[in-house]
J.: 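Pasting in a structure now, in structure tokens, and then I'll have a few things to ask.
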Amino acid sequence: MTSCKFSLIHVSMNLVDFLCTSPSKSSMPPESQMWLSLLQFLDKATSRLLQSSVVMGGDRRATHADSWYTGNGNRLGQELSGWLAAVKPTEGQEFDPPVTGCKAIIGPHAGYSYSGSAAAWGYKAIDTTGIKRVFILGPSHHVYLARCDVSGCDYYETPLGKLRIDKEVSEELLKTGKFKTMNLSADEDEHSIEMHLPYICHVFQDSNITIVPILVGAIDRAQEADYGRILAPYLADPENFFVISSDFCHWGARFRYTFYYPEPLPSDVAGVRLKSSGLQQYNLSQRPIYASISDLDHEAMDILTIRPTPEVDAPAAQSHRKFSEYLDRTGNTICGRHPIGVLLGALLELEKYGKHAKVEWVRYEQSSQCQNLRDSSVSYASAYVSFL
């Protein structure tokens with residue numbers, strides 16, 4: 001039985017890496033749909049077996065320290081302070097951190113040498129006054145989930161100190177019947193939550209906060225709204241803060257994603273998938289791939305920007321719908337699309353009761369500038385959310 005359990009888990013973890021950046025089943029090629037169906041079967045088959053290895057108590061190690069970021073606490077603190085100090089909004093940028101009423105941020109989760117500076121722009125927006133609890137929503141990269149999971153640990157370790165899990169809130173979420181507890185292996189393998197912990201520890205160093213890590217699986221838009229409805233009262237609580245973990249476009253053959261806009265946006269010319277066999281018809285020197293990626297990402301960021309006005313009815317609901325449609329059309333490999341969707345679900349629930357949010361993007365970067373099909377890059381963006 002034990003060998004069967006770990007064989008199934010091993011297969012599932014390898015397959016989910018293949019599918020983790022696919023936006024929806026309807027936009028997948030047939031072979032990917034087949035693998036997704038297999039993963040769904042494996043998820044059901046291993047669900048009960050995994051419960052036997054669910055951790056109850058104990059510490060989650062900082063498993064990505066000394067690889068994705070330095071494990072030296074003093075050096076890490078200096079790096080974080082340096083990136084935060086380097087956040088200098090331009091004159092034309094309406095961003096004066098910290099932002100009064102800031103309730104959530106969206107930020108990247110790559111290695112700090114790639115995304116540490118971009119993430120700082122989100123964390124710079126935080127006004128820590130009165131915050132006692134931080135929810136962290138990160139996408140699952142290594143384990144296929146059709147739901148959301150909470151951590152069973154007592155503490156999350158970081159090179160800067162331990163962060164205590166809010167067991168009371170985790171139990172409240174479990175009692176809804178919509179959440180389960182992630183096993184320790186899945187918890188420690190996942191980087192999307194861990195990469196935010198040092199920043200949280202650093203920014204909230206003078207506050208005695210607890211954290212509520214939530215691993216978000218491959219859920220659909222209706223599920224995003226359902227989970228958002230559950231989390232909406234927590235988001236509305238002035239003592240709570242939310243961190244939404246997401247990178248943006250993963251472009252290149254190694255990500256199986258080569259979407260390209262031949263013309264700058266806005267344009268009626270449809271996007272294409274670049275292939276070596278038809279590459280000569282596009283002038284990549286005049287219209288570089290990295291410029292197309294920027295247009296693609298900013299198209300999503302514009303959809304996710306929320307500025308309530310009397311002319312727009314239910315802006316968060318519109319943003320949620322349009323974001324889902326955009327992902328179906330472009331297939332953009334935004335790995336945190338579901339955590340973002342859960343945030344939108346919470347915002348659309350709150351706006352039903354007259355509580356309106358503002359979502360503003362303050363930073364966008366690319367890990368490298370793609371010039372040809374041999375290149376690859378990952379995009380990083382930071383935003384803040386405040387209530388009006």
Side-chain angles (χ1 to χ4, degrees), residues 87-108 118-127 129 131 135 137 221 224-225 228-229 231-238 240-246 248-249 264-267 294-327 329-330 332 334 336-365 379-388:
V87 174
K88 304 291 185 185
T90 61
E91 286 188 12
Q93 195 173 10
E94 295 181 6
F95 178 46
D96 185 21
V99 176
T100 301
C102 181
K103 286 294 298 176
I105 61 169
I106 301 171
W121 286 73
Y123 281 96
K124 189 78 170 183
I126 299 175
D127 180 356
T129 305
I131 302 299
F135 289 70
L137 279 63
R221 193 174 100 192
E224 291 171 353
R229 191 175 302 112
L231 293 173
Y234 295 99
L235 180 60
D237 189 329
N240 295 334
F241 191 85
F242 277 64
V243 173
I244 310 300
S245 178
S246 182
F248 267 65
C249 182
L265 296 183
S267 172
S294 179
D295 278 357
L296 176 68
D297 283 330
H298 279 86
E299 186 178 10
M301 292 160 64
D302 288 345
I303 290 171
L304 294 170
T305 297
I306 298 177
R307 298 171 184 145
T309 63
E311 295 77 24
V312 180
D313 182 46
Q318 288 191 35
S319 180
H320 194 206
R321 174 180 56 80
K322 290 180 180 180
F323 185 50
S324 180
E325 293 170 350
Y326 160 86
L327 291 170
R329 175 173 55 82
T330 66
N332 194 1
I334 300 173
R337 59 196 173 276
H338 296 305
I340 292 173
V342 172
L343 171 67
L344 293 173
L347 295 180
L348 70 86
E349 180 68 15
L350 292 175
E351 73 182 4
K352 294 177 184 177
Y353 302 96
K355 198 171 185 64
H356 295 284
K358 174 183 178 181
V359 181
E360 290 284 350
W361 295 91
V362 294
R363 190 65 173 179
Y364 176 77
E365 299 178 7
S379 305
Y380 313 116
S382 288
Y384 70 86
V385 181
S386 60
F387 286 130
L388 302 180

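Computed from a prediction, not measured in an experiment: that's the story for all the values here. Here, residue 1 is the first one in the sequence, and each next residue gets the next number.
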J.: Please report the closest heavy-atom contact between A316 and E351, naming both atoms and the distance.
T.: N-OE1, 3.1 Å
J.: Residues in ring-ring contact (aromatic ring centres under 6.0 Å, His included) with F323, at least two apart?
T.: none
J.: I would like to know whether I131 and I126 meet side-chain contact (heavy atoms from CB on, under 4.5 Å); could you show each step before the answer?
T.: CA-CA 10 Å; I131 302 299; I126 299 175; 5.6 Å; no
J.: Which pair of heavy atoms, one from G122 and one from S382, lies closest together, and at what distance?
T.: N-CB, 3.7 Å
J.: Can you classify the ring geometry of F242 versus F135 as parallel (below 30°), tilted (30 to 60°) or perpendicular (above 60°)?
T.: parallel
J.: Which heavy atom in L137 sits nearest to a heavy atom in P339, and how many Å separate them?
T.: O-CB, 3.8 Å
J.: Would you indicate whether the side-chain heavy atoms of L296 and Y326 approach each other to under 4.5 Å?
T.: yes
J.: Can you list the residues that meet the salt bridge (charged side-chain N to carboxylate O under 4.0 Å, His left out) rule with R221, with sequence neighbours excluded?
T.: none
J.: Could you tell me which non-hydrogen atom of L344 sits nearest to which non-hydrogen atom of H320, and how far apart they are?
T.: CD1-CA, 3.7 Å
J.: Which heavy-atom pair separates C249 from N332 by the least distance, and what is that distance?
T.: CB-OD1, 3.2 Å
J.: Of all heavy-atom pairs between W121 and Q93, which one has the smallest distance, and what is that distance?
T.: CZ3-OE1, 3.7 Å
J.: Show the numbers, then the answer: is there a side-chain contact (heavy atoms from CB on, under 4.5 Å) between I244 and V342?
T.: CA-CA 9 Å; I244 310 300; V342 172; over 6 Å; no
J.: Among pairs that include at least one residue of residues 294-307, which meet salt bridge (Lys or Arg N to Asp or Glu O under 4.0 Å), considering only residues two or more places apart or in two chains?
T.: R287-D295, E299-R329, R307-E360
J.: Can you list everything that forms a ring-ring contact (aromatic ring centres under 6.0 Å, His included) with F95? Sequence neighbours excluded, please.
T.: Y384
J.: Tell me every residue that passes side chain to side chain donor-acceptor pair (under 3.5 Å) with S319, counting only those two or more places apart in sequence or in another chain.
T.: none
J.: List for me each residue that meets salt bridge (charged side-chain N to carboxylate O under 4.0 Å, His left out) alongside K352, sequence neighbours excluded, and say none if there are none.
T.: E349
